[in-house]
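These numbers come from the heavy atoms of this one structure, side chains and all, not from hydrogens, waters or symmetry mates. Order of the sequence lines sets the chain letters (A, B, ...), proteins ahead of strands, with each chain counted from 1.
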Amino acid sequence: MNKNWVLTQELFEDLLAWLDPDREVAGQKYENIRRGLIKIFVINGRHSVEDLADEAINRVANKLNQIKDDYQGDPALYFYGVAKKLVHEDRKRTRTPVPALTWDADDVDPEYECLEKCLEQLTNKNRDLVLQYYQEEKKAKIDNRRVLADKMGIALNALRIRAYRIRNSLEECVRTCVMAITSELS
Amino acid sequence: MEASPTDHERIKDYLLGRIPEEEDAEVGARLLTDHQFYEELSIVEDELIDRYLGGTLSDSDRESFESHFVSSYERQQKVRFARALRKRVSVTQTARLVSPPRSSFFPFRISYAVAAATVLIIVGGSLLLLYRRSLSPSGRVLAIELTPAPATRDVSEVKQFGLTPDIGSVHLQLDLADNEYQSYEAVLRDSSLRSMHTVKNLKPQIVNNFAAVIVDLNADLLSPGDYRIQLSGTTPDGRSENVATYSFTVRTR
């Protein structure tokens, strides 16, 4: 990766202007693109995915003067092309496979400890929701979720999205907490 | 946005690395432009992980999951998080059965219903145990509940129990993730997967509101060691379909 490329404020403003004339909309599009890039790199089994996403954005920004006048279509698709190229480059560069997933033999894993802490940071309502939503298996799980949705007066899919968003925030919190514990130990 | 079943399958195949290059590009590009699609894909991703941990993925999905899905460090972190959440949720679930919930999601009268049901279960369970003891002249009945084994379950999660000399039989409750068959067959295998005992025509039962299959084994069958029970369902046309595997360890007396 070429880490010498830096996204200057001027280039960043140009990039936003290319994404949308409305700066607020452009900012939202930028966030969606960056988040989507990270997901694409994860799905393609890459590591340091945030660095790769920034690299993709830098490359587009640095090409902007050459492409913006003639480019047709949604700018986001150009980012996708750059991301795929980066995936190929990164595959060539890093050929070491990730070790197979194994569990820590120790029952008290850092994720669990962190999860307890992160659950404490949620509101009672969100904590109850996430702990109830993910209960049960298969048929009982569906029934359980239907009861929850009825109780909350929302559609099942709205509940599904709400639970996902809480889970997502919990996951972020746990990830940060585990990183802190790991760096303390090393 | 709620994904149609076709979309859902397509997203799943994309996540498991099973779609052609041109479709891969289409889905990937949509991830950058469609916020709702991004969210839907992330939900399906979580659901795949949960099903993997619950041991309810099909064989081919599990294979793709293990060979493709968890091939990045980030994904492995997601699985570890999901495993912790699963463990935490099961603690809440157990606590809810023991003491009536005070959660705002459940009304006051349901709390009483849960309490009454719990009392009934305890009393009923005790009576059943006494009844079984009276039927079992050769000793005490040890009741064990087993859940289906996920592919990566580690040793610490396998149910372990010891058999004291006064135990005459083991009453195994095999929890079903989904009750799809009218009858089941259970095959007990030892650590070298040798078939030791087969019980046919087992009818599913409802235990504490959940479907389960009950298998009673003579304690003499079980010497210390690791065991598996392979449960299969019998289709109306007589075919046998694999349902789940349950693992347990009998400790040294």
Side-chain angles (χ1 to χ4, degrees), chain A residues 28-29 32-33 35-37 39-47 49 74 76-77 79-80 83-84 97-98 100-103 105-107 109 111-112 114-116 119 124-125 128-132 134-140 147-148 151-152 157 160-161 164-165 167-168 170-171 174-175 178, chain B residues 1-2 14-15 17 25 28-35 38-39 41-43 46 50 54 56 66 68 70-90 92-93 96 103-107 147-148 152-157 175-179 209-211:
Chain A
Q28 191 54 54
K29 283 187 176 178
N32 288 347
I33 288 170
R35 195 179 59 166
L37 287 170
K39 185 71 92 183
I40 287 169
F41 292 126
V42 169
I43 289 167
N44 282 277
R46 301 298 88 210
H47 319 303
V49 289
D74 190 333
L77 302 181
F79 283 86
Y80 178 74
K84 285 306 278 185
V98 176
L101 178 67
T102 50
W103 308 124
D106 187 353
D107 253 347
D109 45 48
E111 283 81 7
Y112 193 83
C114 287
L115 179 62
E116 287 290 0
L119 278 167
N124 289 344
K125 195 177 161 192
D128 282 352
L129 192 150
V130 80
L131 291 177
Q132 304 238 8
Y134 289 104
Q135 283 185 11
E136 316 293 2
E137 295 289 348
K138 284 209 158 178
K139 173 77 168 64
V147 169
L148 263 179
K151 193 73 211 143
M152 293 170 73
N157 197 50
R160 183 168 168 258
I161 292 169
Y164 155 74
R165 288 178 183 162
R167 174 178 175 148
N168 196 36
L170 258 184
E171 195 175 333
V174 168
R175 189 177 290 231
V178 169
Chain B
M1 180 198 72
E2 187 164 9
Y14 173 71
L15 292 168
R30 212 171 149 196
L31 268 176
L32 303 180
T33 54
D34 185 340
H35 165 73
Y38 173 93
E39 205 159 56
L41 182 135
S42 303
I43 295 172
D46 286 345
D50 292 343
T56 58
E66 288 172 348
H68 176 85
V70 285
S71 64
S72 77
Y73 176 66
E74 278 71 17
R75 279 273 177 68
Q76 294 193 355
Q77 278 186 318
K78 280 186 84 65
V79 177
R80 286 177 199 284
F81 165 77
R83 181 173 174 258
L85 180 61
R86 190 177 170 79
K87 208 190 274 188
R88 181 64 179 77
V89 164
S90 79
T92 310
Q93 204 167 330
R96 194 161 60 93
S103 156
S104 58
F105 285 118
F106 289 95
T147 51
T152 55
R153 175 176 288 184
D154 73 17
V155 175
S156 64
E157 287 179 297
D175 290 345
L176 294 171
D178 202 8
N179 184 13
N209 289 328
F210 299 104

### Message
Does B:F81 form a side chain to side chain contact (heavy atoms under 4.5 Å, CB included) with A:V178? I'd like the steps, not just the answer.
### Response
CA-CA 10 Å; B:F81 165 77; A:V178 169; over 6 Å; no
### Query
Which distance, rounded to the nearest 0.5 Å, do you find between the CZ of A:R167 and the CG of B:D46?
4.0 Å
### Task
Could you grab the distance from atom NZ of A:K39 to atom CG of B:L41, nearest 0.5 Å is fine?
6.0 Å
### With sequence neighbours excluded, residues passing side-chain contact (heavy atoms from CB on, under 4.5 Å) with A:N168
A:Y164
### Query
How many angstroms lie between atom CD1 of B:I43 and atom CG of A:N157, to the nearest 0.5 angstrom?
6.5 Å
### Query
Is a salt bridge present between B:R80 and A:D109, judged by a nitrogen-to-oxygen distance below 4.0 Å?
no
### Query
Would you call A:E171 and B:K78 a salt bridge, taking side-chain N to carboxylate O under 4.0 Å as the test?
yes
### Query
For B:L31 and A:R35, what are the C-alpha separation, side-chain angles and deciding distance, and is it a side chain to side chain contact (heavy atoms under 4.5 Å, CB included)?
CA-CA 9 Å; B:L31 268 176; A:R35 195 179 59 166; over 6 Å; no
### Query
How about A:Y112 and B:R88: do any of their side-chain heavy atoms sit closer than 4.5 Å?
yes
### Task
Apply the test side chain to side chain contact (heavy atoms under 4.5 Å, CB included) to residues B:T33 and A:N32: give CA-CA distance (whole Å), side-chain angles for both, the deciding distance (0.1 Å), then the verdict.
CA-CA 7 Å; B:T33 54; A:N32 288 347; over 6 Å; no
#### Entry: Region of B:D50 that comes under 4.5 Å of a non-hydrogen atom in chain A
side chain
### Query
Is there a side-chain contact between B:L85 and A:L115 (heavy atoms, below 4.5 Å)?
yes
### Spacing of CD belonging to A:E111 relative to CD belonging to B:Q77, to within rounding of 0.5 Å
7.5 Å
### Message
To the nearest 0.5 Å, what is the distance between OG on B:S90 and CG on A:L131?
### Response
10.5 Å
